[in-house]
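Report on the structure given below.
Small disclaimer: the values here were computed from a predicted structure and weren't measured. Computed from heavy atoms alone, side chains included, the values below leave out hydrogens, waters and symmetry copies. Below, read A as the first sequence line, B as the second, and so on, with proteins coming before strands; counting in each chain starts at 1.
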There are 2 protein chains.
Amino acid sequence: MAGARAFLHHLNGNQVAVHVPSRSRASRPSSSGCRSAMVTMSQNQSYSASVNAEIEVHLKQAIPMRPPLEVFEPMNHFSFGAPRTTAPALCVAACELVGGQRDQAMAAAAALHLMRAASFTHEQLPLTDRPRPKFRPVTHHAYSPNIELLLPDAIVPFGFELLAKSDDPAQDNSERILRVMIEIARAMGSQGMVEGQYYEVERSQSEGEGLNDVGWIVDVCKKKEGGLHACGAACGAILGGGSEEEIEKLRKFGLYVGMIRGILHGVGRKEKGLETTVEELRNLALKELEEFKGGNLEAISGFVNL
Amino acid sequence: MAGARAFLHHLNGNQVAVHVPSRSRASRPSSSGCRSAMVTMSQNQSYSASVNAEIEVHLKQAIPMRPPLEVFEPMNHFSFGAPRTTAPALCVAACELVGGQRDQAMAAAAALHLMRAASFTHEQLPLTDRPRPKFRPVTHHAYSPNIELLLPDAIVPFGFELLAKSDDPAQDNSERILRVMIEIARAMGSQGMVEGQYYEVERSQSEGEGLNDVGWIVDVCKKKEGGLHACGAACGAILGGGSEEEIEKLRKFGLYVGMIRGILHGVGRKEKGLETTVEELRNLALKELEEFKGGNLEAISGFVNL
């Protein structure tokens, strides 16, 4: 790519200009930005660690190691062995930010983790016509492809079940849960995660690997990590009883946070020169939080640096 | 297998003796049974045809052919090209039998079809370690394995979305819908459809094809078609406002109906000598309907002959 250019991205219906620099002319984030980032990063790390530990406990209770072991052993393996994303913790953080209780978002956070673990396992599946795309890390296959096909097919409905079971007549939360199910279904579906995966596969088959196409990286990150985090934050806000405006602000915050993660740790991690784009996404994300107040505002702000 | 023997099957927690004959000594169903069967078969065929036509319309509205065509064209293909099962029509019939309206069960019926279409597509997926089991029909692969992997991953959440969207505050049906989601998640999951598929794959890899092992056929049919139809009937009864007793009777009816279909049209279709087992399952099924009254009792009874 020659020179810097601005991409207009339709992000949740709004056109937002994200500046995508050339490799050679990437600017560094300002030092004052770095200092404030470091403060919230440390707060966020301890917050995320405590939330993730609670999600882990919730998942371990939901997926015990029990007979039939030929089913539950690989189910445990795929559920807990998949790389962690920050979307579940963000779901909990968003719930708390709008005044909800942590346990109100726990089932949705666990479901989000399971759904992503299932889709991650299918991404690694050796298919007869598909060499592993080079931008994907090498994974060890502990099970046969058949098991890697079937178990995620079981994990996805299990995630929906977990969520449906969190319905509590005492809390009168069934409308919120049904809404969250629609959110998660869309984030994982043909215009979310699956679309991002389709972009990846299409590119890796038709034009080599396309690792240096920044526009393509941004598109994939928007659909995959962006969509997952947007969904997580929106779901947390819905379950915590946030207003429609709060839900939409947190959805956008999650989208930017997820895109940053995708660029830094996902498909864009080998691409240099995206620092300006990341910094721009950080600013856009933090702007969405401007009108929020609450005990965990500092902690949730730190998600832009994870 | 030498001689007739009775298998004790745990069917929904109840031990039910199903007589499994040897191939050589299979008895034919009684002629009076045949006559009454033919009466209800004809009624059922027109009933099923009309219900299926309505489900088709519902699905066509839910999955329009629209851009992006690279997503919606295969989604249409897999959704409408998969073999039809009777579980969705049974869902509607059970809803009507307990006094519900047809449209109350339509989203669940459509979701059931989509879930089965998705799992059917994954069954056909060419994997690097999996030759096609001989008992599965040869299917034409219109798309690449990648698409056959990804699109069903999108269809399953879409099925849940369809169901969640059928929530109607005016009907105050959200508790019923959440319950139905749990039912469908379990029927498709690791102790339902996926377990049946696992049995199939395991057998076809370890001991040739195992087509003459009647116990194995019954187990697979119970988990796959049996579980799907049990779920369909129970969901219809839940959505139609049936009592707990009615829901459980219809769940068992569905289980037997599904097992019959699995034996006659699914994995057992090449196995001769199962007429007595089928006849016994028909009797068990019809016994579950004894206390029901209603306009479509004759039509739903006919599902044992489809």
Side-chain angles (χ1 to χ4, degrees), chain A residues 63 68 70-72 74-75 115 118-119 122-123 125-130 144-167 169 173-175 177-195 197-198 201-202 205, chain B residues 63 68 70-72 74-75 115 118-119 122-123 125-130 144-167 169 173-175 177-195 197-198 201-202 205:
Chain A
I63 310 178
E70 64 266 32
V71 171
F72 282 93
M75 216 156 149
M115 305 280 182
S119 79
H122 274 181
E123 280 178 10
L125 196 64
L127 287 171
T128 49
D129 75 335
R130 178 170 72 166
S144 73
N146 260 312
I147 299 293
E148 293 194 1
L149 172 66
L150 286 179
L151 266 290
D153 281 356
I155 289 172
V156 169
F158 183 74
F160 281 106
E161 180 183 342
L162 208 61
L163 204 41
K165 281 198 299 194
S166 72
D167 173 44
N173 62 349
S174 50
E175 294 299 329
I177 289 174
L178 284 163
R179 187 169 169 191
V180 161
M181 283 176 146
I182 296 174
E183 293 279 350
I184 294 183
R186 289 183 180 165
M188 300 311 298
S190 65
Q191 295 186 289
M193 183 65 69
V194 166
E195 191 169 3
Q197 291 171 324
Y198 177 79
V201 165
E202 193 187 28
Q205 287 183 328
Chain B
I63 311 178
E70 64 267 32
V71 171
F72 282 94
M75 217 157 149
M115 304 281 181
S119 78
H122 274 181
E123 279 178 11
L125 196 63
L127 287 171
T128 48
D129 75 335
R130 179 171 73 165
S144 74
N146 259 314
I147 299 294
E148 293 194 0
L149 171 66
L150 287 179
L151 267 290
D153 282 356
I155 290 172
V156 169
F158 183 74
F160 281 106
E161 179 183 342
L162 209 59
L163 204 41
K165 281 198 300 195
S166 72
D167 174 44
N173 61 349
S174 51
E175 294 299 328
I177 288 174
L178 284 164
R179 190 170 166 189
V180 161
M181 284 177 145
I182 296 174
E183 292 280 350
I184 293 183
R186 288 183 180 163
M188 300 312 298
S190 66
Q191 295 187 288
M193 184 65 69
V194 166
E195 192 169 4
Q197 291 172 322
Y198 178 77
V201 165
E202 195 186 27
Q205 286 184 328

Working to the nearest 0.5 angstrom, can you tell me the gap between [X] [atom1] and [Y] [atom2]?
X      : Y      : atom1 : atom2 : answer
A:I147 : B:Y198 : CD1   : OH    : 5.0 Å
B:R179 : A:K165 : CZ    : NZ    : 14.0 Å
B:L150 : A:M193 : CG    : CE    : 11.5 Å

Original post:
Taking all non-hydrogen atoms of both residues, which atom of A:I182 and which atom of B:A164 are closest, and how far apart?
Top reply: CG1-CB, 3.5 Å
Subject >> Closest contact, heavy atoms only, A:A185 versus B:P157 >> reply: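 Distance-wise, the nearest heavy atoms are CB-O, 3.2 Å.
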Residue part contacting chain B, namely of [X], when any heavy atom lies under 4.5 Å:
X      : answer
A:I184 : neither
A:Q191 : side chain
A:I177 : side chain

I'd like to verify something: which residue of [options] has the highest number of heavy-atom pairs under 4.5 Å with chain A?
options                       : answer
B:E161, B:E175, B:E183        : B:E161
B:E195, B:R186, B:M188, B:M75 : B:R186
B:L151, B:V71, B:I155, B:D153 : B:D153
B:S174, B:G189, B:G192        : B:S174

**OP:** Taking side-chain contact (heavy atoms from CB on, under 4.5 Å) as the test, write out the residues that go with B:P152, two or more places apart.
**Re:**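 B:P152: side-chain contact (heavy atoms from CB on, under 4.5 Å) contacts with B:A118, B:T121, B:H122.
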**OP:** Report yes if the side chains of B:L163 and A:M181 come closer than 4.5 Å at any heavy-atom pair, otherwise no.
**Re:** no
